[in-house]
Amino acid sequence: MVEAPAPLTWGDLAEIGLERLKRGGRRRVEALGELGVEHLGDLLAYYPRRYLDRSREATVGELQVGEDAMVLATVEKVRAIPGRNRRARVEALVSDREGAPLNCVFFNQPWRAKQLRPEMQAVLYGRLEEFRGALQMTNPVVDLVGNRTGGIFAVYPMSAKASITTWEIADMVAEALRRCEQRGIADPVPPDLLGAHELCGRFEALRLIHNPESFADVTVARNRLVFDELLRMQLVLVRRKRERERAGEGIAHQVDRALLERFEQRLPFELTAAQSRTVAEILDDLARPWPMHRLLQGEVGSGKTVVALMAMLAVVCGGGQAALMAPTEVLAEQHHLGLSELLSSLDGGAGGLGGGRLNLGGLPPVSLELLTGRTRAGGRERILAGLASGAVDMVVGTHALISEGVAFESLGLAVVDEQHRFGVEQRAALRARGMTGGLPDVLVMTATPIPRTAAMTVYGDLDVSRLDELPSGRAGVTTRAVTEARQQPAVWERLRSEVAAGRQAYVVCPLIEESDKVEAAGAEATYDELRAGELAELRVGLLHGRLPASAREPLMASFRRGELDVLVATTVIEVGVDVANATVMVILGADRFGIAQLHQLRGRVGRGSEPGWCYLVIENPSPAAQLRLQALVDSTDGFELSEIDLELRGEGTLMDSRQTGRSDLRLASLRRDREWIPTARRAAEAICDAGGPDPVLAAEIALLLSDADIDYFDKS
Ligand code: ADP
Ligand code: MG
């Protein structure tokens, strides 16, 4: 008996060149090559950009002038009209299926004269105008569709210059699908998983995505293909996480929970529920024998420091050392100060950090040091010796912590503040400092809230804890959108009255992405204008990215000391300025910033007992900007805003901000497919628990996930 040939795997498909298709003539193969389609696998995964429903297509007669419309038309006549400068144009006369005429005018696209030829069928998308009594579209989007008739059909993405029509592509796809008929296409996803989520088979999905009979078919197909993309990605992440858990020998810390409870009772405040939950998660991780890799997400002011400190104390009391690495000296100093204050609040007035060693009264003495590039040589030597001997229990620092000559006696926990991301290598370098007794646990802190589903992808190989609750007792921030010039005097009035009451303010200048120089010039102009006008009576400082660090630091320091009332700044203030006395934030050109950035900026005020005021100033906001501003006016919850942001940013695939040549994530969208992400996550976990993906699926992952995809995940 002859065995039936095995179904075609993705590897098999990748070995079948397009020239093997009957319809794969040289011109077509070359044109597809330009689109990045090289073999049968690429072709089947070259998904339609949209679908055209012939039963619903408009005729010119049905359209209103001023309307955005889609018309299927036949090209009648084309002529190129030379003109000076950029006014050269191509005019095409087309007609719809009822013969009604429509003029199309293309400016500055001379190649249209060659692309469009009489009798071709094209779908035109554009706004219907009237010009000299005739109907016209200017620079419409054109899809060449050939002479196809029938119900719904696929329109493929094309670069304007590739000389192939969407119909020709559809034709080749159809032939490719027919050729696969005999052997079928391998489907390595376990059938029970497909059943549980009502997903169709893979071959079926490919057929339907290219050749749907209804839009319901498209949905069925899309669900399956999106699931496959997300599953492959999650398998990579989950596998990596499991490998790290298994490969590295971790440290099972002796966590003294009773001691930590005593510590907690002596804090000057009660932990929020989110903090307690997070501490519990971390302590569980610390007690386990494999290395922790946890992300702590919580916006500015959510109380990450005390959580980090409790984790560090747990490790120190269990006999290990703990390090906290911050991206800048200012931040390292702030962390050091924050930790010292918390520790000394436990000290029962015994005099703080005398000699760097602190007696917690009933708790073991803990020594805390600061190591940055600014640490003087003598101090540095003493600290290095202390780290190497174990005399120093806790250290806060910058990159200096991973520089030459730093060794720990027994590093048990590395906390990394990623306000601005460190590279993976740096985190690995810190982890590698504590090799003797096993890999240290790693806690990564970030102040940028991202949606839960996004965290599952961007930080997919970490466990995630969220501080989604701010400590009470904050006066909070009131946010106002200032969209009209006549509202502006009230803003400056408020600023002046807060300053008169002894408080301070920030004025943030518009973000100018193109250049630091232009941005600095803009900030200078704003500064001059304010000093000559609204803020004439006040002490105003100017801070921008073109200032050398040597000028920036003293400026920030004098603002911190209250010697300046107002800091006019570009977004450089994002980097860790923490002045509790500041209560007003005026953001000019607020439409230039995204929701997350505005929220981050606003977090600088209203953190103490005095209420904060944030003004988002922008004239003539676009509808999109208006929605963003309104979201900020309505909500101060960073996680909620991150979800809204995702919603407002619209479609976009997971990878859209990246420059990827070819990516496996072709269909999946963070917004549209957010429900599928946790589903794929759980499926990937189940598959890994059951021994990992089968060889066909594993091979597919290796083949389809590009280096760019993998690097993207590695940001975590
Ligand atoms: P983050 O590092 O997340 O920006 P911090 O840890 O610096 O926030 O905390 C901000 C402020 O809130 C600090 O002054 C801290 O002492 C205080 N704080 C932290 N947790 C609480 C709490 N549960 N209740 C009251 N105040 C808190
Ligand atoms: Mg902090």
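Nothing fancy with the numbering, it's 1 onward along the sequence. Read the numbers this way: they start at 1 and go in the same order the structure lists the ligands and their atoms. We use all heavy atoms of the structure for the numbers below, so side chains are in, but hydrogens, waters and symmetry mates are not.
Of the heavy atoms in T272, both backbone and side-chain atoms come closer than 4.0 Å to ligand 1. Contact annotation: for E341 versus ligand 1, there are no heavy atoms closer than 4.0 Å. Contacts with ligand 1 closer than 4.0 Å are made by no heavy atom of M445, backbone or side chain.
Taking a cut-off of under 4.0 Å to the non-hydrogen atoms of P471, the atoms of ligand 1 that pass are 20 (N), 21 (C), 22 (C), 24 (N), 25 (C), 26 (N), 27 (C). Ligand 1 places these atoms under 4.0 Å from at least one heavy atom of E270: 22 (C), 23 (N), 24 (N). Taking a cut-off of under 4.0 Å to the non-hydrogen atoms of L271, the atoms of ligand 1 that pass are 23 (N). Shown in contact with E299 at under 4.0 Å from a heavy atom are these atoms of ligand 1, numbered in order with element: 3 (O). Near G303, meaning under 4.0 Å from one of its heavy atoms, ligand 1 places the atoms 1 (P), 3 (O), 5 (P), 6 (O), 8 (O), 9 (O), 19 (C). With ligand atoms numbered from 1 in the order given, ligand 1 contributes 2 (O), 5 (P), 6 (O), 7 (O) to contacts under 4.0 Å with heavy atoms of T305.
Side chains of D463 and E281 form no contact here, defined as non-hydrogen atoms less than 4.5 Å apart.
Relative to the ring axis of Y615, R494 does not place its NZ or CZ within 45° and under 6.0 Å from the centre.
In terms of the side chain to side chain contact (heavy atoms under 4.5 Å, CB included) criterion, residue partners of S302 (sequence neighbours excluded) are, by chain and number, K304, L467, L470. The side chain to side chain contact (heavy atoms under 4.5 Å, CB included) check on E640 picks up S635, D637, I644, with sequence neighbours excluded.
Side-chain atoms of E469 come within 3.5 Å of backbone atoms of A274 as a donor-acceptor pair (strictly under, hydrogens ignored).
The shortest separation from a heavy atom of G301 to ligand 1 is under 4.0 Å, placing the residue in contact.
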Next on the checklist: Walk me through whether R546 and E519 qualify under salt bridge (Lys or Arg N to Asp or Glu O under 4.0 Å).
Outcome noted: CA-CA 9 Å; R546 298 281 282 189; E519 187 168 79; over 6 Å; no
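Salt bridge R628/D645: absent, no basic N to carboxylate O contact under 4.0 Å.
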